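Accompanying notes for the structure given below.
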Amino acid sequence: MQREEKQLDAALEALLQRINDLKTSIRTLLFRLENEYASLSWPSFLDSYAVISGQVRFFTYTKYEMNTLLKVMKNDKTPLLRNLIVLPLVLSPDPDEELKQATEGRVVAFSHDITPDMLRTKPDPDVEQRQNQFEQRASQVPPETAQKQINALNKVVNHVLEQITHSREDWENEATVRAAAAQTCVMADTHTLIAAVGLGKNLKTLPIAAPAQPGPGRAQAGPAPGKTTSTIKTTIKAASQVHPYNR
């Protein structure tokens, strides 16, 4: 009995460690989606999602080959958790600070309302019934028909994967070319030019020459008082000039 308890404690500790790693990865991805959505690229998102998927199913990206969540649960030293039950010791509507801290504020009190949802090991009856209907409908399909549908689906998926791979290579090549292209403008000079044209910034003003004043003893001819100088030039022709069209 003591040996089984030690194995159970070791298994629970290993599961708790893997769950914390998984929770950290999910929290990091959610933080990037909420705060870095403008600069987050699709390949970077897929890498983060692959890390989460790897922590659940495959080996994690660490220096050592560590067991993941499913690996720990399928380990021979892990007792069959399905044979164990979890029973609440105390149910109270009063807030529990330790529970709040352990759940990071998601669960404040272990009350009668929240206990069925927290300790549920099976889906809701409606969901379970629909799942059974889908499984029964799938079992009625003949094996040959099902295999043909699987082959057709695999063909479509492989074609889509090839298209995505080629498109990704083209996008990466285009990004490399754009990054290596020569710069065609200098933003500092552009801003300086806009400031000069729009605001007159850094423009030099030329001095305006003063008009010449008449010297002593010189009289400046001007129009008579009460008369204005005409700027229209006229040509007075002689009256004896013959009109070219006069016959």
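Note that the structure is predicted; figures quoted are calculated from it, not measured.
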Worksheet entry | Contact check, side chains of Phe110 and Ser92, non-hydrogen atoms, under 4.5 Å | no

Worksheet item: What is the distance from atom CG of Leu87 to atom OG1 of Thr115, rounded to the nearest 0.5 Å?
Response: 11.5 Å

Discussion item. Show the nearest heavy-atom pair for residues Pro93 and Ala109, with the distance to one decimal.
Written reply: O-CB, 3.7 Å

Fill in: More than 12 heavy atoms of other groups within 6.0 Å of Glu128 CD
yes

Response to the item:
Between the CD1 atom in Ile26 and the OG atom in Ser48, the distance rounded to the nearest 0.5 Å is 12.0 Å

Fill in: Leu99/Val108 under side-chain contact (heavy atoms from CB on, under 4.5 Å): CA gap, chis, key distance, verdict
CA-CA 6 Å; Leu99 181 62; Val108 181; over 6 Å; no

Practice prompt. Find the distance between CG (Asn154) and CD (Gln149) and round it off to the nearest 0.5 Å.
Written response: 12.0 Å

Practice prompt. Answer yes if Tyr49 and Leu22 sit in the same cluster of Ile, Leu, Val, Met, Phe, Trp and Tyr residues linked by side chain heavy atoms under 4.5 Å apart, and no otherwise.
Written response: no

Fill in: Side-chain heavy atoms of Asp126 within contact of Arg130, under 4.5 Å
no

Discussion item. Please check: side-chain N/O of Ser44 versus main-chain N/O of Leu40, any donor-acceptor pairing under 3.5 Å?
Written reply: no

Response to the item:
So OG1 of Thr103 and CD of Glu98: to nearest 0.5 Å the spacing works out to 11.5 Å

Worksheet entry | Atom pair CD1 (Ile52) and OG1 (Thr24), whose distance is rounded to the nearest 0.5 Å | 10.5 Å

Worksheet item: Counting only heavy atoms not in Glu144, do more than 12 sit closer than 6.0 Å to its CD atom?
Response: no

Fill in: Pairing of Glu104 and Arg27 as salt bridge, 4.0 angstrom limit
yes

Response to the item:
To the nearest 0.5 Å, atom CG of Leu161 lies from atom NE2 of His166 at 11.0 Å

Worksheet item: Which residue pairs pass the ring-ring contact (aromatic ring centres under 6.0 Å, His included) test when at least one of the two sits in residues 17-46, sequence neighbours left out?
Response: Trp42-Phe45

Worksheet item: Taking it one step at a time, do Glu172 and Arg168 satisfy salt bridge (Lys or Arg N to Asp or Glu O under 4.0 Å)?
Response: CA-CA 6 Å; Glu172 291 178 352; Arg168 181 177 181 178; 3.3 Å; yes

Worksheet item: Can you hop from Leu91 to Val107 via hydrophobic side chains spaced under 4.5 Å?
Response: yes

Practice prompt. Take atom NZ of Lys23 as the centre, draw a 6.0 Å sphere, and report whether it contains more than 12 heavy atoms from other residues, nucleotides or ligands.
Written response: yes

Fill in: Verdict with supporting geometry, Gln140 and Gln136, side-chain contact (heavy atoms from CB on, under 4.5 Å)
CA-CA 7 Å; Gln140 295 176 357; Gln136 184 179 3; 4.1 Å; yes

Item to complete: For the pair Thr145 (side chain) and Val141 (backbone), establish whether a donor and an acceptor sit closer than 3.5 Å, ignoring hydrogens and angles.
Response: no

Worksheet item: If you measure only the distance, is there a donor-acceptor pair under 3.5 Å linking the side chains of Glu162 and Asn158?
Response: no

